[in-house]
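These numbers come from a predicted model, not from an experiment. In this chain, numbering begins with 1 at the start of the sequence shown.
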Amino acid sequence: MTPGGGSGPMKDCEYSQISTHSSSSPMESPHKKKKAAPKRKWEVFPGRNKFFCNGRIMMARQTGVFYLTLILILVTSGLFFAFDCPYLSEKITPAIPAIGGILFFFVMGTLLRTSFSDPGVLPRATPDEAADLERQIDIANGSSSGGYRPPPRTKEVIINGQTVKLKYCFTCKIFRPPRASHCSLCDNCVDRFDHHCPWVGNCVGKRNYRFFYMFILSLSFLTVFIFAFVITHVILRSQQAGFLNALKDSPASVLEAVVCFFSVWSIVGLSGFHTYLISSNQTTNEDIKGSWSNKRGKENYNPYSYGNICTNCCAALCGPISPSLIDRRGFIQPDTPQPAAPSNGITMYGATQSQSNMAAATPLLQSEPSITSEELPLPGKTTIGAPCATLTLGQPTPPSSMPNLTSETGLTDMIPLKEEHEGHQFLTPEEAPSPPGMLPSGSPITHSHTLHVLSLASQDSLHEDSVRGLVKLSSV
């Protein structure tokens, strides 16, 4: 229908339906969308770690030396139980293989517990937390002027009367707590960082240090145990058939003795060193740096020591294990949707149609730049003549199920225009104004899928009426 009710010198101009690029209707597409399976935090963990068993096992990325450790322990122990224990249990006592089996299982259990657990990784700051921390640092240090470099990012805390500096980690964007350090191999800040041990394939920190110490201590006993009884086995055989015949009868004993002989010194020495660290409540990192002195009277005394060897050992080996802070098996929460932009009190209206055919909403008069006749027309959109040169248009508000009309793909690919009549000016559905009397605030309007061609005279009169109506609408 035309505004005047008559047909007049008008022809129909059909607009093709905008394709939604979907086989189903816009109303059905949201119900058929499958939700993506939520990811766990270990899948997007920023550190250089490897995870197994759905995040239950956490290791460093370089695990080659760890597999070498497993092979040495398994092969040496297996040869001992297969070739030495039968003879020793018969000639001496059956308790030898039993004791060896207990030591072996204890060594393997503590090794796997050390290698597969979280050593005490500190979570990194979120972007909001990092930005807030940057603001706090800027306020504390003041604005740097004159090209001078700002002071180092450190904080000082008092622990048992000793001043301890907290250093800022530029990778994790946090101030590291006391005794924490950043591991360059795993790229994580670890609480009570001791060292990164390639033999166990993981960092050694607050949550797995006791298992590491029990591993090297029990491995020392197992190595000494195997080496001692391998020598005993060779001596007993050599007394019966000679030394060379004893070596020929049990060649596996020779391999076990060589491996244990070259391993026992380093393993026993490492166990003694960590026994000293535990008794003084220090870490390997602190001992190498020379951070503290063992003497209480000195200026740089150790503030973490209890002053008693037994108390320090109990605190390191028998204290409660702190929970993991990274929650590596937790699910990632979906991003919260952003609130819609406020409309500044202006009521928006748009076009409606049936469920199978959805069209773009009609724009409202908003504070947008005017479209003049000198500006380039939008792709796929007819130009407006001189009488409508100063008509202010808003942005279209398509429904949520329609594709974005402002994307890089031009509208010329979706809306073919008919250029049969060059003497007439066409108005698109977005540019066609409606009478102001039929637009109450908040009520939508409907329009047909066809648009008629108006003559130049009717366009001028309609333009003046529409502009006055839209001004009245905006004032409401």
Side-chain angles (χ1 to χ4, degrees), residues 37-75 107-127 129-130 167-177 179-216 218-219 263 266-267 270 273-274 277 283-289 321-333:
K39 289 186 176 182
R40 294 186 183 269
K41 294 181 180 180
W42 67 266
E43 298 182 72
V44 294
F45 187 71
R48 290 194 290 265
N49 294 87
K50 292 193 299 185
F51 297 88
F52 305 94
C53 299
N54 199 17
R56 292 178 176 88
I57 297 177
M58 176 182 182
M59 298 184 67
R61 188 167 296 179
Q62 299 84 5
T63 55
V65 184
F66 165 72
Y67 296 123
L68 177 61
T69 305
L70 279 179
I71 292 173
L72 288 176
I73 296 175
L74 292 175
V75 170
V107 167
M108 293 301 300
T110 53
L111 171 62
L112 298 180
R113 182 66 172 82
T114 305
S115 304
F116 295 164
S117 61
D118 170 24
V121 175
L122 299 173
R124 302 190 181 189
T126 62
E129 293 172 347
K167 296 182 179 180
Y168 180 81
C169 179
F170 289 90
T171 302
C172 302
K173 306 295 183 183
I174 60 172
F175 277 101
R176 293 192 290 261
R179 314 189 85 176
S181 183
H182 191 89
C183 177
S184 58
L185 295 178
C186 296
D187 198 24
N188 296 315
C189 279
V190 180
D191 194 9
R192 201 186 181 278
F193 178 76
D194 192 87
H195 69 289
H196 181 92
C197 183
W199 295 98
V200 300
N202 204 350
C203 287
V204 179
K206 183 177 182 179
R207 299 191 69 251
N208 63 349
Y209 180 77
R210 67 181 61 184
F211 302 104
F212 171 78
Y213 176 74
M214 288 188 288
F215 162 67
I216 59 175
S218 60
L219 183 60
S263 302
S266 58
I267 297 174
L270 186 63
F273 173 69
H274 279 277
L277 293 179
T283 64
T284 303
N285 188 41
E286 294 170 348
D287 184 76
I288 292 175
K289 293 181 178 179
I321 301 177
S322 59
S324 178
L325 301 178
I326 55 177
D327 188 24
R328 56 187 184 273
R329 298 196 69 246
F331 290 99
I332 300 176
Q333 299 297 331

Atom CD1 of Ile326 and atom CH2 of Trp42: how far apart are they, to the nearest 0.5 Å? 12.5 Å
Name the atoms and distances for all side-chain donor-acceptor pairs under 3.5 Å in residues 57-74, with sequence neighbours left out.
from: Thr63; atom 1: OG1; to: Lys50; atom 2: NZ; distance (Å): 3.1
from: Thr69; atom 1: OG1; to: Val65; atom 2: O; distance (Å): 3.0
from: Thr69; atom 1: OG1; to: Trp199; atom 2: O; distance (Å): 2.9

Run the salt bridge (Lys or Arg N to Asp or Glu O under 4.0 Å) test against Asp327 and tell me which residues pass, sequence neighbours left out. Lys41
To check you understand the geometry: which heavy-atom pair defines the closest contact between Thr171 and Asp187, and what is its length? CG2-OD1, 3.6 Å
Side-chain contact test, heavy atoms from C-beta onward, threshold under 4.5 Å: evaluate it for His182 versus Cys189 and give yes or no. yes
If I take atom CD1 from residue Ile174 and atom NZ from residue Lys167, how far apart are they, to the nearest 0.5 angstrom? 14.0 Å
By side chain to side chain contact (heavy atoms under 4.5 Å, CB included) - contacts of Thr126 (at least two apart): Asp128, Glu129
So CG of Leu325 and CG of Leu122: to nearest 0.5 Å the spacing works out to 6.5 Å
So which atom in Ser324 and which in Asp118 form the shortest heavy-atom distance, rounded to 0.1 Å? OG-OD2, 2.6 Å
Least distance between heavy atoms, Leu219 atom then Val107 atom: N-CG2, 3.6 Å
dist His196:NE2 -> Thr284:OG1 (nearest 0.5 Å) comes out at 13.5 Å
Applying side chain to side chain contact (heavy atoms under 4.5 Å, CB included), can you list everything that pairs with Thr110, at least two apart in sequence or on another chain? Phe106, Met214, Phe215, Ser218
Side-chain touch Val121/Arg207, heavy atoms, less than 4.5 angstrom: no
Please name all residues satisfying salt bridge (Lys or Arg N to Asp or Glu O under 4.0 Å) with Arg40, sequence neighbours left out, ordered by chain then number. none
May I have all residue pairs that pass salt bridge (Lys or Arg N to Asp or Glu O under 4.0 Å) and include part of residues 192-206, sequence neighbours excluded? Asp191-Lys206
Donor-acceptor contact present, side-chain Ser266 to main-chain Ser263, <3.5 Å: yes
